[in-house]
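What you see is a predicted model; the values in this text were computed from it and never measured.
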Protein chains: 2
Amino acid sequence: MELNYYTSEDKVLLAVDCIIFGFDKHHLKILLVKRNIEPEKGKWSLIGGFLKQDENLDEAAARVLETLTGLHDIYMEQLYAYSKIDRDPGNRTISVAYFALIDVASHQFEGVQLESAQWFDLEEAPKLIFDHDQMVVKAVSRLRRRALTMPIGFELLPEKFTMRQLQTLYESILDKKLDKRNFVNKINSLDILIKLDEKDMTVARKGAYLYTFDKEKYDRKVAEDGFSFKI
Amino acid sequence: MELNYYTSEDKVLLAVDCIIFGFDKHHLKILLVKRNIEPEKGKWSLIGGFLKQDENLDEAAARVLETLTGLHDIYMEQLYAYSKIDRDPGNRTISVAYFALIDVASHQFEGVQLESAQWFDLEEAPKLIFDHDQMVVKAVSRLRRRALTMPIGFELLPEKFTMRQLQTLYESILDKKLDKRNFVNKINSLDILIKLDEKDMTVARKGAYLYTFDKEKYDRKVAEDGFSFKI
DNA sequence: GCAAAAGTGTTGTAAGTACACCCATGG
DNA sequence: CCATGGGTGTACTTACAACACTTTTGC
């Protein structure tokens with residue numbers, strides 16, 4: 001039974017749109033779809049959907065992501081609410097943007113083949129409908145800030161990765177070259193990776209050591225000391 | 001004429017709630033109201049209102065603020081969208097929180113007297129309705145981050161202020177003591193204040209020099225060099 | 001003349017940045 | 001044996017942190 005106060009107030013359509021970042025060992029990518037409903041049918045767009053009565057925004061964003069990719073338990077974060085009156089010519093709609101981080105390689109998701117979804121290099125992405133380009137710009141900037149202060153880069157990498165992959169990822173996110181020795185020193189000084197007795201031999205004759213992120217150790221350090229991740 | 005696509009989708013009530021920060025030369029404060037509608041009538045709350053069809057969220061937040069305080073052209077920033085299903089027992093409502101910065105002293109606003117609104121020291125604020133406490137926590141953390149990286153502290157101060165007032169403001173925001181000499185050196189090295197030939201004689205026998213924020217100079221520095229404000 | 005707040009520099013320490021060579025291996 | 005990318009340490013520079021005494025003037 002619902003009480004229904006505020007009966008005289010306007011109601012609106014509330015959408016979520018997801019900026020999905022991926023990394024394919026060389027470039028930072030975003031996942032886009034060809035929109036299959038009017039208006040703007042056939043144009044490139046972020047994936048999105050409408051909030052339902054029985055879910056909160058986080059759940060709606062996760063649902064939208066899972067519907068397209070089949071993936072769940074993905075890192076997602078609310079970005080910003082977009083509310084320009086005529087932002088969607090189809091109807092007055094407010095959209096709350098979310099961004100998600102997934103590892104392109106590890107997850108062979110079916111959805112991307114089935115739907116008309118496609119990965120784009122961030123620099124080569126097409127123009128998007130509505131205010132979606134604006135959302136992407138903000139998402140990139142948020143990702144950059146997060147990557148510098150939280151260990152979220154690992155969400156974009158496979159379980160096991162080389163130092164060079166991690167560095168390339170950071171170079172993609174920050175859009176600048178980093179010094180190899182300084183980067184390794186910095187990462188090692190954080191002391192939150194496990195160096196495995198295993199090498200990736202595909203990457204060089206010599207091979208390159210594989211590492212994994214030690215989440216337990218990281219969580220312990222944060223809880224115990226006032227440890228804070230900083231690149 | 002409206003097109004009305006998406007006709008089968010659920011609509012929701014969309015509210016804005018404002019965390020209004022002030023500074024009274026000693027303490028960081030927030031402005032709260034005694035709620036005058038059901039549910040939770042009579043309890044302390046952030047000021048809020050519902051989004052109307054003919055305005056975007058920024059406009060709604062500005063309207064809500066002006067309705068209570070009579071103030072306009074106030075620094076406001078969108079914080080986060082809160083969407084827990086039963087967050088408001090009156091009805092399913094999504095709320096987008098905004099925070100605002102105003103100078104308590106310079107603005108003698110009538111609203112605060114008329115409505116049952118009241119300034120509270122941040123530490124002494126009462127428990128608030130719904131998820132408003134959670135909003136305040138996030139707003140404080142956002143304010144802290146902004147204050148360290150953008151010149152928004154001046155929004156909370158009168159046009160003319162002393163170095164000590166600026167330092168006390170930062171100490172309130174960051175909730176820690178700062179070293180007087182280091183603080184002055186840091187601020188002066190930024191080179192964005194104008195030192196006036198005028199002293200505030202109420203604050204000490206000796207008097208204290210007054211300063212103003214040189215917004216033009218700041219904007220120029222940001223545009224020309226890659227200058228970035230950092231405390 | 002003294003209480004009360006303003007004003008002012010230096011030195012040590014930690015973090016960041018720049019930089020070049022050897023190693024291991026598959027072909 | 002050589003081409004390729006992996007792996008490693010040091011010196012310099014810059015930002016941050018700690019710290020104490022003199023000045024002014026109303027009472």
- Among A/Lys138, A/Arg145, A/Arg142, the one residue meeting salt bridge (charged side-chain N to carboxylate O under 4.0 Å, His left out) with A/Glu77: A/Arg142

- Query: Do NZ/NE/NH1/NH2 and the carboxylate oxygens of A/Lys84 and A/Asp131 come within less than 4.0 Å?
  - Reply: no

- Using modelled atom types only, decide if a donor and an acceptor are shared between the side chain of B/Ser45 and the backbone of B/Arg35 within a distance under 3.5 Å. no

- Note on the structure: DNA chain D: first to last nucleotide in contact with chain B (atom under 4.0 angstrom from a heavy atom), 5' to 3', is D/dC16 to D/dC27

- Mark up nucleotides 12-24 of chain C, 5' to 3', with B wherever a protein heavy atom is under 4.0 angstrom from a base atom, S wherever such an atom reaches only the sugar-phosphate, and - elsewhere. ----SBBBB--BB

- How are the rings of B/Trp44 and B/Phe120 set relative to one another: parallel (under 30°), tilted (30 to 60°) or perpendicular (over 60°)? perpendicular

- Task: Quick one: label A/Val203 by what it contacts on the DNA or RNA (base, sugar-phosphate, nothing), any heavy atom closer than 4.0 Å.
- Result: sugar-phosphate

- Answer yes or no: is there an ion pair linking B/Asp200 with B/Lys160, defined by an N-O contact shorter than 4.0 Å? no

- Using atom CE of B/Met201 as one end and atom P of C/dA5 as the other, report the distance to the nearest whole Å. 14 Å

- Message: Output the rounded distance in Å from CG (B/Leu166) to P (C/dG7).
- Response: 12 Å

- Task: Mind listing the closest non-hydrogen atom pair of B/Ala81 and A/Gln78 along with its distance?
- Result: N-OE1, 2.8 Å

- Test side-chain contact (heavy atoms from CB on, under 4.5 Å), reference A/Tyr98, set A/Leu57, A/Leu65, A/Ile20, A/Asp17, output is A/Leu57

- Least distance between heavy atoms, B/Leu51 atom then B/Ala60 atom: CD1-CB, 3.8 Å

- Task: In whole angstrom, give the distance that lies between atom CZ of B/Arg164 and atom C1' of C/dA4.
- Result: 12 Å

